[in-house]
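Below is one structure, written out as structure tokens, with a few remarks after it.
A, B, ... follow the sequence lines: proteins, then strands. Residue 1 opens every chain. These figures come from a predicted structure and were not determined experimentally.
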Number of protein chains: 2
Amino acid sequence: MQSLLFFLCKVSYERGDILKTKIASLRKKHKLTQEELALAVGVTRQTITSLECEKYTASLVLAYKIAQYFGLSIEEVFDFSEVEEL
Amino acid sequence: MQSLLFFLCKVSYERGDILKTKIASLRKKHKLTQEELALAVGVTRQTITSLECEKYTASLVLAYKIAQYFGLSIEEVFDFSEVEEL
DNA sequence: ATAAAATGTCAAGTATACTTTGCACGGAAT
DNA sequence: ATTCCGTGCAAAGTATACTTGACATTTTAT
């Protein structure tokens with residue numbers, strides 16, 4: 001039986017400056033658990049959860065490691081479209 | 001008379017995990033002061049100094065803004081070659 | 001029906017990114 | 001020689017990124 005509910009993230013409206021990411025969908029496409037991805041890029045599972053639920057924005061180095069793990073560029077994994085124009 | 005000395009950064013050997021950047025050379029190529037670049041990307045001059053002297057690594061959003069200012073990708077401005085392989 | 005695996009969350013702590021202010025020094029111009 | 005500009009630095013403070021450990025709910029497997 002298919003699941004009726006997904007794991008849901010509690011959305012925080014305190015900060016509007018957190019980058020949207022494709023981490024969750026990329027991870028599922030590669031059939032990985034958060035734990036496995038965390039191990040692969042050298043952080044804890046909670047950090048992956050936080051990034052997927054957009055609690056904060058990854059550091060530059062972590063962003064690179066995640067992108068590289070999926071064979072993509074940083075710009076392909078994180079959505080910069082809402083960064084204030086220069 | 002040509003200058004004999006450049007502005008020099010005191011190198012800290014405490015951390016070996018700070019990304020090398022092309023910010024200083026790009027800024028000079030564009031004939032900008034640190035102050036002007038700082039204003040353009042929305043940080044203080046001291047932050048630009050710190051990044052150029054590699055005191056710490058920029059955040060993902062700041063890295064994006066700097067790269068975009070120069071019309072480059074993040075990967076073209078920051079050197080990820082020494083990031084631990086996955 | 002039960003157990004195990006996967007995910008989300010919270011609190012407290014450490015580490016890193018960035019700000020603010022102020023000072024020192026070299027180079028350029030007058 | 002004096003002044004101004006650009007740069008490097010330091011200390012203290014705030015904000016954000018990440019860790020650790022523990023717990024609740026959902027999903028998957030038995």
Under 3.5 Å side-chain donor-acceptor pair for Glu52(A) and Thr49(A):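 No, because no side-chain N or O of Glu52(A) sits under 3.5 Å from a partner of the opposite role on Thr49(A).
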Joint hydrophobic cluster, Leu72(A) plus Val83(B), side-chain heavy atoms closer than 4.5 Å: yes
Sugar-phosphate, base or nothing in reach of Lys55(A), heavy atoms under 4.0 Å: sugar-phosphate
Sugar-phosphate only, base, or nothing, as touched by Thr49(A) at under 4.0 Å among non-hydrogen atoms: base
Nearest listed nucleotide, side chain of Val43(B), among dT7(C), dA17(C), dC18(C): dC18(C)
Nearest-neighbour nucleotide for the Tyr56(B) side chain, dT20(C), dA17(C), dA6(C) considered: dA17(C)
Calculate the interatomic distance between [X] atom [atom1] and [N] atom [atom2]; express it in whole Å.
X	N	atom1	atom2	result
Gln46(B)	dA17(C)	CD	P	17 Å
Leu62(B)	dA15(D)	CG	C1'	14 Å
Ile18(A)	dA17(C)	CD1	C1'	16 Å
Phe6(A)	dT7(C)	CZ	P	14 Å
Arg45(A)	dT20(D)	CZ	P	13 Å
Leu51(B)	dA17(C)	CG	C1'	9 Å
Lys31(B)	dC5(D)	NZ	C1'	17 Å
Glu35(B)	dC5(D)	CD	P	11 Å

Side chain to side chain donor-acceptor pair (under 3.5 Å) assessment of Ser50(A) paired with Thr47(A): CA-CA 5 Å; Ser50(A) 296; Thr47(A) 296; over 6 Å; no
Would you please confirm or rule out a distance under 4.0 Å between OP1 or OP2 of [N] and any side-chain N or O of [X]?
X	N	value
Arg27(A)	dT7(C)	yes
Gln34(B)	dG8(D)	yes
Thr44(A)	dT19(D)	yes
Arg15(B)	dA17(C)	yes
Ser50(B)	dA17(C)	no
Thr47(B)	dA17(C)	no
Lys10(B)	dA10(D)	yes

Short side-chain to backbone donor-acceptor contact, Arg45(B) and Gln34(B), under 3.5 Å: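 Here the side-chain-to-backbone pair does not exist.
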Nearest-nucleotide 5' precedence on DNA chain D, Ser59(B) against Lys28(B): Lys28(B)
Parallel, tilted or perpendicular, as decided by the 30° and 60° cut-offs, for the rings of His30(A) and Tyr69(A): tilted
